[in-house]
There are 2 protein chains.
Amino acid sequence: MKRSFQIDMPKVETFNRDLVVAQATEVFHDKGYNATSMQDLVDATGLNRSSIYNSFGCKLHLYLDCLKAYQYKYQKKNSNVLLDAKNAIEAIELLFNMYLEEMISDSNDKGCFITNCKSEMANHDDKITSFLNRDQKNTLDFLEDLVSRGQNQGDINTNKIASEYALYLFSSLQGFRMTGILVQDKDHLKGIIKTILQTLI
Amino acid sequence: MKRSFQIDMPKVETFNRDLVVAQATEVFHDKGYNATSMQDLVDATGLNRSSIYNSFGCKLHLYLDCLKAYQYKYQKKNSNVLLDAKNAIEAIELLFNMYLEEMISDSNDKGCFITNCKSEMANHDDKITSFLNRDQKNTLDFLEDLVSRGQNQGDINTNKIASEYALYLFSSLQGFRMTGILVQDKDHLKGIIKTILQTLI
DNA sequence: ATCTATTTGAAATGAACGTTTCAAAATTAA
DNA sequence: TTAATTTTGAAACGTTCATTTCAAATAGAT
């Protein structure tokens with residue numbers, strides 16, 4: 001722990017914490033939690049085994065840190081997408097397209113890290129389940145706000161209330177990213193996006 | 001192996017293979033492949049450790065047998081749904097409703113066993129990946145046929161070709177079952193189904 | 001240089017892992 | 001009964017697991 005208020009300031013964490021988390025995330029995302037060994041993490045981060053335990057506590061805690069970093073990264077990406085969109089429906093399309101590009105640029109797509117976590121660990125560990133529920137709520141709020149603005153501005157229909165469309169989009173996004181694990185054809189994936197959006201227009 | 005043509009017919013497999021697979025499936029489905037230990041399977045099946053190896057080869061082979069049994073079970077369920085539907089769109093609705101009922105009847109829904117397998121193991125083991133690709137093709141063919149009939153009979157629109165709608169439904173179904181892991185509100189889930197189907201009408 | 005805290009290396013912990021082994025028990029057809 | 005085969009029990013295999021330990025090395029601040 002850094003304690004900058006202290007008078008003595010001896011050796012300080014030298015490694016880049018964010019980088020280490022990013023390296024660990026890559027392994028966890030690829031292999032899943034249970035198939036990832038501590039040795040895998042030592043190899044991927046270049047950190048000493050003891051250092052990992054000193055700095056992150058345990059395997060599960062490091063995993064949670066990776067989940068949070070991934071969540072933060074994509075929350076930023078999602079927000080940035082909004083800046084490039086002239087309206088809500090285009091924002092949603094850009095959102096799906098962002099994931100599409102990531103999916104096809106990775107020849108062996110691994111799906112969404114958080115969705116994989118849900119599939120592997122939801123309702124098994126309390127901290128994980130809480131994280132997943134919070135992430136779901138965040139995403140739904142983000143989408144509901146987006147749909148709401150689209151409905152106010154007239155580019156999204158008002159057949160259903162914003163929260164209902166938000167849940168539909170949340171569900172669709174998960175399915176889309178699951179599908180991308182085995183379907184790598186860009187046109188096919190584009191077709192899914194178009195069909196998903198059709199309902200909102 | 002049973003060899004009924006043999007002259008001598010000594011002790012024959014006594015346990016119920018289908019039952020054992022069903023019991024193993026429950027554990028694999030709940031915990032996933034990697035978190036399931038051989039001891040878990042011994043406990044769940046009541047079989048001796050050696051008997052499992054004699055009869056199923058190895059953990060992965062038993063897992064594959066479970067996947068195949070699950071696949072077969074739901075292929076039958078899907079086919080049966082068609083018998084109760086007066087047209088294609090209703091068949092698709094009944095299909096989603098069948099999953100909905102299963103999801104809410106299980107207070108801790110575990111999602112689709114095969115989708116969880118994809119999330120955990122796709123592109124890691126060749127036999128698993130082959131199974132998943134075959135299952136995907138089966139499902140897409142089933143859905144395409146269904147959509148095609150709906151389009152011929154007029155209850156599904158022809159804005160997109162049947163294969164495109166099939167992929168959309170495949171993706172939507174995966175997302176729907178992923179969503180059900182944490183969303184247990186029946187009305188919310190019903191809303192997703194309605195929205196998914198809206199596009200086809 | 002000295003104090004303080006971090007990082008490292010390497011070994012050790014004990015438990016759990018998937019899998020194998022094999023003799024004894026069980027079962028059934030001949 | 002005898003012969004054939006499966007099932008069982010229990011132990012053992014060697015490996016890997018997550019985690020701990022601790023002395024030595026390192027480095028910033030005084």
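Chain letters run A, B, ... following the sequence lines, proteins first and then strands; every chain starts at 1. The basis for the numbers below is simple: all heavy atoms, side chains too, and nothing from hydrogens, waters or symmetry mates. Remember, it's a predicted structure, so these values are computed and weren't measured experimentally.
- As rounded to whole Å, 16 Å separates atom P of C:dA23 from atom CG of B:Asn48.
- A parallel orientation is assigned to the rings of A:Tyr33 and A:Phe28, their planes being inclined by less than 30° (bins at 30° and 60°).
- When distances run from any side-chain atom of B:Ser51 to the nucleotides D:dT7, C:dT8, C:dA11, the shortest one goes to D:dT7.
- Closest to the side chain of A:Ser50, from the set C:dA10, D:dG9, C:dT19, is C:dA10.
- In this structure, A:Asp43 atom CG and D:dA18 atom P are separated by 12 Å, rounded to whole Å.
- For the residue pair B:Asn116/B:Ser119, the side-chain donor-acceptor check at 3.5 Å is not satisfied.
- To the nearest angstrom, C1' of C:dC17 lies 13 Å from CG of A:Asn34.
- Nearest to the side chain of A:Arg49, among C:dT8, D:dT7, C:dA11, sits C:dA11.
- The distance from atom CG of B:Asn54 to atom P of C:dC22 is 14 Å, rounded to the nearest whole Å.
- The side chain of A:Cys58 has D:dT19 as its nearest neighbour among D:dT19, C:dT19, D:dT8.
- Taking the centre of each ring, A:Tyr99 and A:Phe176 stay at or above the 6.0 Å mark.
- When the P atom of C:dG18 is taken as reference, atom CG of B:Leu41 falls 8 Å away, rounded to whole Å.
- Tested against A:Phe113 for a ring-ring contact (aromatic ring centres under 6.0 Å, His included), the candidates A:Phe131, A:Tyr74, A:Tyr63 yield a single pass: A:Tyr63.
- Spacing between atom CD of B:Gln39 and atom P of D:dT16 amounts to 21 Å, rounded to whole angstrom units.
- When heavy atoms are screened at a 4.0 angstrom cut-off, B:Ser37 is found touching the sugar-phosphate backbone but no base atom.
- For A:Met38 and D:dT15, the CE to P distance is 23 Å, given to the nearest whole Å.
- With rounding to whole Å, B:Tyr53 atom OH is found 6 Å from C:dG18 atom P.
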